[in-house]
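Notes for the one structure printed next.
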Amino acid sequence: MADLSLDFQFTSSINTVWNALTDSDTLAKWIMENNFKPIVGHKCQFRNEQWNLIVDCEVLVVDEPHNLSYTWVGGPINTTVTWTLKQEDGITSLHLEQTGFEKEDQAFNGAKYGWANMTEELKKVLGEM
């Protein structure tokens, strides 16, 4: 198995970053259109019509504002995404772990590239909040 692990830092407060991870309208600005709700057991989808992509999710963990986890199932992947947030000295650290890849293949590398790009969009969104 291969696990994706990425770390990011933002000058926004932990609560602002948490909101960007859990508010459906804000998520749509940096990930995809969705019907996400931060409620354990909630089943939702992220959708990108341009890529003809639908990702099915189920919320697994909501520990505001420190931990959020959900399944991420779409195309060839059946994985779990976990966000961990910490704030220290005015900096919010955001750790992303996506587990369940079979190996470091095209799906793994695509996810790594995709999250890195989406997180750049997140940085822009946080700057507007």
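Judged by distance alone, with hydrogens and angles left aside, the side-chain atoms of D63 form no donor-acceptor pair with the main-chain N or O of H66 at under 3.5 Å. Side chain of T119 to backbone of L122: no donor-acceptor contact under 3.5 angstrom is found. At least one donor-acceptor pair closer than 3.5 Å links the side chain of T71 to the backbone N or O of E58.
Counting heavy atoms from C-beta outward, P65 and I14 have side chains that approach closer than 4.5 Å. The closest side-chain heavy-atom distance from N19 to V17 is not below 4.5 Å. Side chains of S69 and T80 form a contact here, defined as non-hydrogen atoms less than 4.5 Å apart. Looking at heavy atoms from C-beta onward, L4 lies out of side-chain contact with E97 at the 4.5 angstrom threshold. When side chains are defined from C-beta on, V125 counts as touching T26, because their heavy atoms get closer than 4.5 Å. You'll find the side chain of T82 stays beyond 4.5 Å of the side chain of L68, heavy atoms only. Between W83 and L94 the shortest side-chain heavy-atom distance falls below 4.5 Å. Looking at R47 and M32, their side chains never come closer than 4.5 Å, going by heavy atoms from C-beta outward.
Considering all non-hydrogen atoms of both residues, N67 and W18 come closest at O-CH2, 3.4 Å. Counting all heavy atoms, side chain and backbone alike, V62 lies closest to I39 at CG2-N, 4.1 Å. Between S5 and H95 the shortest heavy-atom distance is OG-CE1, 2.8 Å. Closest approach of Q98 and I77 over heavy atoms only: NE2-CD1, 3.9 Å. The minimum heavy-atom distance linking A28 with E33 is given by the pair CB-OE2, 3.9 Å. C44 and F36 get closest at one heavy-atom pair: SG-CD1, 3.7 Å.
Put simply, L126 and I91 are part of two different groups of oily side chains (I, L, V, M, F, W, Y) that touch within less than 4.5 Å, one to the next. Cluster membership check: W51 shares its hydrophobic cluster with I31, using side-chain heavy-atom separations under 4.5 Å among Ile, Leu, Val, Met, Phe, Trp and Tyr. In the hydrophobic cluster analysis, where Ile, Leu, Val, Met, Phe, Trp and Tyr join through side-chain heavy atoms closer than 4.5 angstrom, L53 is grouped together with M118. Cluster annotation: V73 is not connected to V81 through the hydrophobic network of ILVMFWY side chains, with a link wherever side-chain heavy atoms come within less than 4.5 Å. Clustering ILVMFWY residues whenever any of their side-chain heavy atoms sit less than 4.5 angstrom apart, transitively, puts M129 in the very cluster that holds F8.
For the residue pair S24/N34, the side-chain donor-acceptor check at 3.5 Å is satisfied. A side-chain N or O of Y113 and one of N117 form a donor-acceptor pair less than 3.5 Å apart.
Ring geometry, F46 versus W72: the interplanar angle falls from 30° to 60°, so the pair is classed tilted. Classified by interplanar angle (parallel below 30°, tilted 30° to 60°, perpendicular above 60°), the ring pair W30/W115 is tilted.
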